[in-house]
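First comes the structure, then the notes that go with it.
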Protein chains: 2
Amino acid sequence: MTSDGTVGKALEVLDQVAAYGRPVRFSEVLAASPFPKPTLYRFLQTLTNQRMLAYDPDRQTYSPGVRLVRLAHAAWEQSTLAPIARPHIDALSAAVGETVHLAQLDHAQVLYIDKRNANNPVQMFSQAGKVGPAYCTGVGKVMLAFSDPAIIEAVIEQQSFHRFTAATLTTPAALRAELSAIRANGYGFDREEHEPGIICVAMPIVSDAGRVLGALSVTSTTSRTNLAGLESYVPILQDTASKIARDAQSWSFPDYDAKEQTGR
Amino acid sequence: MTSDGTVGKALEVLDQVAAYGRPVRFSEVLAASPFPKPTLYRFLQTLTNQRMLAYDPDRQTYSPGVRLVRLAHAAWEQSTLAPIARPHIDALSAAVGETVHLAQLDHAQVLYIDKRNANNPVQMFSQAGKVGPAYCTGVGKVMLAFSDPAIIEAVIEQQSFHRFTAATLTTPAALRAELSAIRANGYGFDREEHEPGIICVAMPIVSDAGRVLGALSVTSTTSRTNLAGLESYVPILQDTASKIARDAQSWSFPDYDAKEQTGR
DNA sequence: AACCTAGTTTCATATAATGAAACCAAGGTG
DNA sequence: CACCTTGGTTTCATTATATGAAACTAGGTT
């Protein structure tokens with residue numbers, strides 16, 4: 001499952017370095033790596049030559065390289081909902097005057113694809129590209145809820161439930177119950193499950209064929225409003241989601257959660 | 001020079017696919033690829049399994065995958081000037097009320113890292129991650145001007161000068177003259193060299209050690225102002241650039257244009 | 001000077017990549 | 001309907017490449 005030859009291993013190393021969130025030394029990576037010293041060394045060297053990693057000779061540290069930013073630009077424009085959703089999200093943001101998120105499901109994790117912040121100007125990658133857990137975010141739960149049962153089970157299986165706040169759902173049973181409630185409702189909430197004081201309404205974006213393309217959410221704080229207040233945004237969210245789905249339809253769209261092509 | 005074993009070749013394929021700017025079929029890639037059919041096929045398959053590419057089974061097309069967006073988030077935060085520059089750019093943007101760009105030099109090309117648009121909200125990757133030619137943009141020219149002479153020559157060497165507008169510099173000689181004028185001045189302009197009606201002032205961000213870290217620019221249109229008008233922003237640009245350089249200094253920083261580590 | 005520790009290089013071996021050729025599946029086209 | 005053609009996929013013997021144990025080197029420490 002975890003191995004596509006040399007290339008797969010190299011990308012595994014790349015992921016590992018990126019996961020630190022800060023420049024790392026060779027020995028740190030080595031300690032956490034399944035690869036022996038010279039193998040890892042050569043991978044890091046190759047990735048650096050390829051500018052997938054950047055190497056700081058003074059501090060002797062590696063960090064993700066700029067080439068990724070360039071490639072991601074292409075990915076974001078071609079392979080995400082963002083360009084299609086943009087006008088609709090702009091309209092939504094203007095109408096509700098709260099923070100709006102657009103997310104997709106990537107490999108059992110929530111990947112934020114775009115964001116609108118009514119007040120201060122948008123902070124670019126600082127939000128887009130960010131990942132979060134699926135089981136304790138509004139967008140994560142609604143996307144999961146409308147996913148294929150097999151996928152749901154797979155995600156629950158491999159999920160390690162971490163308690164972020166008092167309200168975090170921390171058992172498979174609790175999550176399953178929540179998901180079926182969401183399915184019944186058509187949308188979901190984040191009830192301070194990830195961060196205290198932060199609440200949101202989330203709406204899935206589903207294609208005609210019933211496939212989950214992504215999700216939208218409107219986020220606010222308990223000091224400004226409450227769940228009932230957020231619920232009033234449901235109609236406009238629904239409207240926005242269906243417009244995005246419609247546009248995506250005509251554009252046609254890659255299948256992200258396609259299973260491995262064959263696996264040799 | 002162009003080969004780091006299998007991984008390098010796979011990344012070459014990834015770049016190629018990303019370069020199309022649209023989903024591509026296998027045969028299209030094959031036609032433009034140095035690799036024989038089965039080899040290319042396996043690379044695409046591997047990259048798809050790794051979610052570096054997304055495959056649309058209906059249209060049988062490949063496009064850059066979402067995993068890149070995730071990785072790029074880390075790269076943007078750790079390996080670019082953007083997080084350090086953010087507050088300064090915010091201030092600059094508020095002060096001048098025009099579009100502000102932050103760019104770095106990546107492999108002889110201009111890579112836009114961040115953007116502030118006074119009026120409409122920021123469009124995320126739609127600008128960050130975008131690349132442009134160095135010889136006919138304000139930021140490109142100022143970064144080049146203060147780069148190592150060897151790098152300048154290398155860039156000029158491999159540059160294919162395309163005429164975008166009547167004002168585009170299209171010969172090595174013209175560019176060399178412009179660069180030394182910029183060195184004398186400390187900053188540079190884009191005189192509608194890339195797009196008619198679009199002009200800008202650009203300021204390099206240089207470290208104490210004299211290394212070019214990136215560049216800033218304020219962009220406007222000929223209908224709103226002229227070069228003299230833009231020149232009035234030079235003091236604040238200079239101030240912003242030096243503040244960013246100072247902050248970068250203390251943070252310390254990877255060396256992007258480091259030459260290949262050894263090359264086996 | 002002896003002794004770590006972190007990073008780099010060697011080299012025989014095992015493994016994985018390679019690509020010519022064959023194969024398969026759709027669409028044509030006569 | 002039989003016969004191509006085009007575009008994509010699989011096989012498999014060959015070759016090139018990755019691998020990792022061990023040896024080595026350069027800075028720091030004691």
Side-chain angles (χ1 to χ4, degrees), chain A residues 1-17 20 22-50 52-63 65 252 254-255 258-264, chain B residues 1-17 20 22-50 52-63 65 252 254-255 258-264:
Chain A
M1 176 198 180
T2 164
S3 168
D4 279 297
T6 312
V7 178
K9 292 177 204 167
L11 293 175
E12 202 180 307
V13 172
L14 180 60
D15 254 356
Q16 200 197 325
V17 173
Y20 282 93
R22 61 179 169 79
V24 277
R25 298 184 63 109
F26 175 75
S27 51
E28 291 185 82
V29 184
L30 179 61
S33 177
F35 302 108
K37 217 201 256 194
T39 304
L40 180 67
Y41 178 71
R42 257 176 292 105
F43 277 143
L44 290 172
Q45 192 154 297
T46 301
L47 290 169
T48 303
N49 279 342
Q50 295 290 328
M52 299 296 276
L53 289 177
Y55 178 68
D56 179 344
D58 298 327
R59 318 201 141 195
Q60 297 191 130
T61 54
Y62 297 89
S63 32
S252 183
D255 186 350
K259 34 216 56 153
E260 331 288 77
Q261 280 188 308
T262 45
R264 118 182 340 253
Chain B
M1 178 201 175
T2 165
S3 169
D4 279 297
T6 313
V7 179
K9 292 178 205 166
L11 293 175
E12 202 180 307
V13 172
L14 180 60
D15 255 356
Q16 199 198 324
V17 173
Y20 282 93
R22 61 181 170 79
V24 276
R25 301 186 60 114
F26 175 76
S27 52
E28 291 186 79
V29 183
L30 179 61
S33 178
F35 301 109
K37 216 203 257 195
T39 303
L40 179 68
Y41 178 70
R42 258 177 293 105
F43 277 143
L44 290 172
Q45 194 153 296
T46 301
L47 290 169
T48 303
N49 278 343
Q50 295 290 328
M52 299 296 276
L53 289 178
Y55 179 68
D56 179 345
D58 298 327
R59 319 202 142 194
Q60 298 192 133
T61 54
Y62 297 88
S63 32
S252 184
D255 187 350
K259 35 217 55 158
E260 332 286 80
Q261 283 188 308
T262 45
R264 135 184 321 263

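Quick note on labels: first sequence line is chain A, next is B, and so on, each numbered from 1. Computed from heavy atoms alone, side chains included, the values below leave out hydrogens, waters and symmetry copies.
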Working to the nearest 0.5 Å, report the span between OG1 of A:Thr46 and CG of A:Leu14.
-> 12.0 Å

Do any N or O atoms of the protein come closer than 3.5 Å to N or O atoms of nucleotides 19-25 of chain C, and which pairs are they?
residue, atom, partner, partner atom, Å
C:dG19, OP2, B:Thr39, OG1, 3.1
C:dG19, N7, B:Arg42, NH2, 3.0

Selection from D:dT9, C:dT18, C:dT8 that lies nearest to any side-chain heavy atom of B:Phe43 = C:dT18

Ignoring backbone atoms, test whether B:Tyr41 places a side-chain nitrogen or oxygen under 4.0 Å from the OP1 or OP2 oxygen of D:dG8.
-> no

Report the distance from atom NZ of B:Lys9 to atom P of D:dA18, rounded to the nearest whole Å.
-> 7 Å

Take atom CZ of B:Arg59 and atom C1' of D:dG8, then tell me their distance rounded to the nearest Å.
-> 18 Å

Would one find a side-chain N or O of B:Thr6 under 4.0 angstrom from OP1 or OP2 of D:dA18?
-> yes

List for me each residue that meets side-chain hydrogen bond (donor to acceptor under 3.5 Å, both in side chains) alongside A:Glu28, sequence neighbours excluded, and say none if there are none.
-> A:Arg22

From A:Gln16 atom CD to A:Leu40 atom CG, the distance as rounded to the nearest 0.5 Å = 7.0 Å

Ring geometry between A:Phe35 and A:Phe43 (parallel below 30°, tilted from 30 to 60°, perpendicular above 60°) | perpendicular

Spacing between A:Asp58 atom CG and D:dG27 atom C1', to the nearest angstrom = 16 Å

Whole angstrom value for the distance that separates C1' of D:dG8 from CG of B:Leu44 = 12 Å

B:Gln45 atom CD is separated from C:dT18 atom C1', nearest whole Å, by 15 Å

Using the ring of each side chain (for Trp, its six-membered ring), is B:Phe26 parallel, tilted or perpendicular to B:Tyr41, with breaks at 30° and 60°?
-> perpendicular

Could you check how far CZ of A:Phe26 sits from C1' of C:dT5, rounded to whole Å?
-> 13 Å

Could you state the atom-to-atom distance from CG of B:Asn49 to P of D:dT9 in whole Å?
-> 13 Å

Distance from A:Arg25 atom CZ to A:Leu30 atom CG, nearest 0.5 Å?
-> 12.5 Å

By nearest-nucleotide position on DNA chain C, the 5'-leaning member of A:Val7 and A:Ser27 is A:Ser27

Rounding to a whole Å, what distance do you find between A:Leu40:CG and C:dT9:P?
-> 15 Å

Side-chain heavy-atom pair B:Asp4, A:Asn49 within 4.5 angstrom cut-off = yes

